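First up is the structure itself, then whatever we jot down about it.
Remember, it's a predicted structure, so these values are computed and weren't measured experimentally. FYI, side chains are in, hydrogens and waters are out, and symmetry mates aren't considered; it's all heavy atoms of this structure. All ligand and atom numbering here is 1-based and tracks the order in the structure.
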Amino acid sequence: MHGNPLHTRLCDEYGCEVPIVAFAHTRDVIAAVTNAGGIGIFGGTGLAPDNLRTEIQWIKEKVGDRPFGVDLLVPASFVEGNREDLEAMIPQGHRDFVAKLMTDNKIPQPKSLRGEAGLDANLLRRAREQLDVILDERVPIFASGLGSPAFAIEAAHAVGTKVWGLVGLPRQARRQVEADVDLIVAQGYDSGGHSGTIGTFTLVPEVVKLAKGSKTLVLAAGGVSSGAHLAAALAMGADGIWTGTIWLATHESQTEMFLKQRLVEAQAEDAVQSRATSGKPIRQLRSNWSEVWKQPGAPEPLQMPLQGMLVGPIQTGIREAKMEDWMTTPAGQSVVGIHSIRPAAEVVYDLVEEAQEMFDQLTGEPVGT
Ligand SMILES: Cc1cc2nc3c(=O)[nH]c(=O)nc-3n(C[C@H](O)[C@H](O)[C@H](O)COP(=O)(O)O)c2cc1C
């Protein structure tokens with residue numbers, strides 16, 4: 001074989017050493033992955049603009065000229081209105097259901113509403129303010145988790161920031177290629193967090209086909225937890241992988257220890273989709289929270305952002321009282337690849353080593369020769 005299959009267009013265009021992209025909410029994970037040769041993408045949605053700036057400046061100091069990015073959830077479809085109008089749209093039956101959950105399960109009223117998911121009534125205005133910070137700080141990559149990031153392209157490119165978009169459907173990918181988005185993350189059904197209905201193995205080659213001949217790169221996401229997945233992603237024509245779940249159980253991750261342990265023990269079937277938190281399907285570890293919304297008599301979760309507004313207080317109450325059976329984390333079927341709690345850099349090195357072994361096995365000769 002000629003050339004190193006792990007040195008892809010992503011490495012050429014972004015200056016990373018390996019085609020591994022890590023999404024995480026902990027800045028230390030971002031710094032560790034970027035410094036290990038990959039690209040860390042910081043999940044900034046939940047942060048007020050000033051706090052986001054502080055985190056970005058911290059990461060910049062740790063990684064120097066190496067590539068990293070910031071991701072925001074900017075949904076394309078959601079119910080719009082001011083806070084009062086939106087509150088009025090929440091049906092009384094839903095409020096009663098949540099009130100009963102709190103009483104029946106002794107879930108306390110929240111002491112504070114700070115630090116809520118950020119998917120509230122002001123989500124679009126806040127996303128614009130956050131984007132201003134990202135561009136002002138000249139972050140190398142802006143990634144948009146929901147909806148199309150096309151609106152940001154002109155302003156981002158003007159300051160040298162690349163624009164990436166996550167998609168779960170080929171038609172979303174087509175629109176983004178047409179809009180000249182720099183990179184598309186093709187995110188399959190298996191993935192942690194907001195996830196769609198098409199499996200990674202089906203979606204990725206479709207998106208690769210759509211992007212062929214354009215300048216748009218493609219990353220495979222959803223269910224990626226080993227070097228075999230990395231090798232498979234490249235074999236499907238992707239320029240690299242985008243991963244989320246596998247970083248949750250790293251030393252650097254701020255995920256609580258009991259959840260890290262649950263991630264180590266979990267099987268793929270323990271990562272269930274539920275609309276109960278944001279109104280859009282989020283794959284997460286099964287907990288009392290995901291289960292009560294599936295019981296007979298439970299109301300259908302509302303649309304974004306109404307569901308987030310409805311359940312924000314109860315979820316804060318659960319967290320403040322540390323009710324572990326009710327707490328969860330977004331997680332994908334890739335939990336099966338988590339066997340221990342270990343440093344993020346080690347996860348990067350193992351992915352690379354395993355992928356190299358896969359290529360050796362496939363070609364019968366060491367890669368790079
Ligand atoms: C804990 C967690 C939180 C996530 N939050 C976001 C988010 O805020 N924005 C986003 O674009 N994707 C988010 N995702 C999805 C990831 O970006 C990624 O697409 C997904 O984790 C890939 O699948 P995997 O978990 O199987 O690796 C989240 C994923 C996890 C596990």
Does a side-chain heavy-atom distance below 4.5 Å link [X] with [Y]?
| X | Y | result |
| --- | --- | --- |
| Gln261 | Met257 | yes |
| Asp182 | Thr216 | no |
| Gln307 | Val311 | yes |
| Leu10 | Cys16 | yes |

Using heavy atoms and a threshold below 4.0 Å, how should the contact between [X] and ligand 1 be classified: side chain, backbone, both, or neither?
| X | value |
| --- | --- |
| Leu73 | side chain |
| Gln333 | neither |
| Val185 | neither |

In terms of residue, atom name and distance, what is the protein heavy atom nearest to [atom]?
| atom | answer |
| --- | --- |
| atom 24 (P) of ligand 1 | Ser334 OG, 3.4 Å |
| atom 23 (O) of ligand 1 | Ser191 CB, 3.0 Å |
| atom 27 (O) of ligand 1 | Gly244 N, 2.8 Å |
| atom 20 (C) of ligand 1 | Gly192 O, 3.5 Å |
| atom 8 (O) of ligand 1 | Phe23 CZ, 3.5 Å |
| atom 19 (O) of ligand 1 | Gln187 NE2, 2.6 Å |
| atom 16 (C) of ligand 1 | Trp242 NE1, 3.6 Å |

Task: Any side-chain donor near an acceptor of the partner, Thr8 and Asp239, under 3.5 Å - done: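 No - no donor-acceptor pair under 3.5 Å links their side chains.
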TODO: Identify whether the distance between the nearest side-chain nitrogen and carboxylate oxygen of Arg53 and Asp136 falls below 4.0 Å.
DONE: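 Judged by the 4.0 Å cut-off on N to carboxylate O distance, Arg53 and Asp136 do form a salt bridge.
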Task: Within the 6.0 Å centroid threshold, strictly below: Phe42 and Trp58 - done: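 No, ring centres 6.0 Å or more apart.
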Task: Any Gly222 heavy atom less than 4.0 Å from ligand 1 - done: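 In this structure, Gly222 qualifies as a contact of ligand 1 - some heavy atom is under 4.0 Å.
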- [ ] Consider ligand 1: state whether an atom of it lies below 4.0 angstrom from any non-hydrogen atom of His194.
- [x]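 Flag not set, His194 not near ligand 1.
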TODO: Please work out which of Ala24, Gly223, Ala22, Pro330 has its closest non-hydrogen atom nearest to atom 2 (C) of ligand 1.
DONE: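 Selected option, by shortest heavy-atom distance: Pro330.
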- [ ] Measure from atom 9 (N) of ligand 1 to every heavy atom in Asp71, Thr26, Thr200 and give the option owning the shortest one.
- [x]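 Going through Asp71, Thr26, Thr200 one by one, Asp71 has the nearest heavy atom to atom 9 (N) of ligand 1.
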Task: For the student: nearest non-hydrogen atoms of Ile341 and Thr250, plus distance - done: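 Closest heavy-atom pair between Ile341 and Thr250: CG2-C, 4.2 Å.
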